[in-house]
Amino acid sequence: MGHGADDKNHATPRERLDAAGATDVAATLQALATPSRLYILARLQEGPCAVGDLAEAVGMEASACSHQLRLLRNLGLVTGERRGRSIVYALYDNHVAELLDQALFHVEHLRLGLRDVSTEGGSPWSSNRQDGTPAGR
């Protein structure tokens, strides 16, 4: 998958998913399957935050928030930097923010009954219809 600076301007071929990649992706998606972790990541999209402030912002006890942050850090989704007596957390990189945004867009599209029309492959089954029938029929 493309990792260059110009990824937004140039389409890159998708890599085939192998066993190791599937395991890593599954672990990442499992981490995103908990609302409390999503709240934490969504708050960190706004910018870096100390644990105490982050816990308050997402309505969690500081110890519970720290536990979730440790898991997110071990999966490479957030980073922690010690500043004095506290640790300030931030999203690891823009991929994490994009992953969250895409999940939100997908859920909103499902709610509205929308589908993106594929520009790759030109499938006749791509549609904006809720029932999935081809757009031309």
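Computation of the quantities below employed the complete heavy-atom set of this structure, encompassing side-chain atoms and omitting hydrogens, waters and symmetry-equivalent molecules.
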### Atom pair CZ (R111) and CD (E108), whose distance is rounded to the nearest 0.5 Å
4.0 Å
### E61, CD: over 12 other non-hydrogen atoms inside 6.0 angstrom
no
### Query
Side-chain contact, heavy-atom cut-off 4.5 Å: L29 with V25?
yes
### Shared hydrophobic cluster for I87 and L75 (ILVMFWY, side-chain gaps under 4.5 Å)
yes
## Note on the structure
In this structure, NE2 of H109 is separated from CD of Q102 (nearest 0.5 Å) by 9.0 Å
### Query
Taking all non-hydrogen atoms of both residues, which atom of A31 and which atom of L77 are closest, and how far apart?
CB-CD1, 4.1 Å
### Message
Tell me if a side-chain donor or acceptor on T28 pairs with a main-chain N or O of D24 at a distance below 3.5 Å.
### Response
yes
### Message
For Y89 versus V51, what's the shortest heavy-atom pair and its separation?
### Response
CE1-CG2, 3.3 Å
### Task
Locate the shortest heavy-atom distance separating C65 from I40; write the atom from each residue and the value.
SG-CD1, 4.0 Å
### Query
Roughly how far, to the nearest 0.5 Å, is the CG atom of L72 from the CG atom of L44?
8.5 Å
### Message
Hydrophobic clusters here meaning ILVMFWY residues chained together by side-chain heavy-atom distances under 4.5 Å, can you tell me if L91 and V88 are in one?
### Response
no
#### Entry: Separation between CZ of R115 and NE2 of H106, rounded to the nearest 0.5 Å
10.0 Å
### Task
With rounding to the nearest 0.5 Å, note down the distance linking CZ in R37 to NE2 in H67.
7.0 Å
### Query
Minimum heavy-atom separation for C49 to D53, with atom names?
SG-CB, 3.6 Å
### Task
Would you give the length of the straight line joining atom CG of L54 to atom CD of Q68, rounded to the nearest 0.5 angstrom?
11.0 Å
### Query
Does the side chain of L99 come within less than 4.5 Å of L41's, by heavy atoms?
no
### Query
Looking at P48 and R43, what are the two nearest heavy atoms and their distance?
O-NH2, 4.0 Å
### Task
Considering non-hydrogen atoms only, spot the tightest contact between L69 and V78 and give its length.
O-CG2, 3.8 Å
### Task
Please confirm whether the backbone N or O of A97 pairs with a side-chain atom of Q45, one donor and one acceptor, at under 3.5 Å?
yes
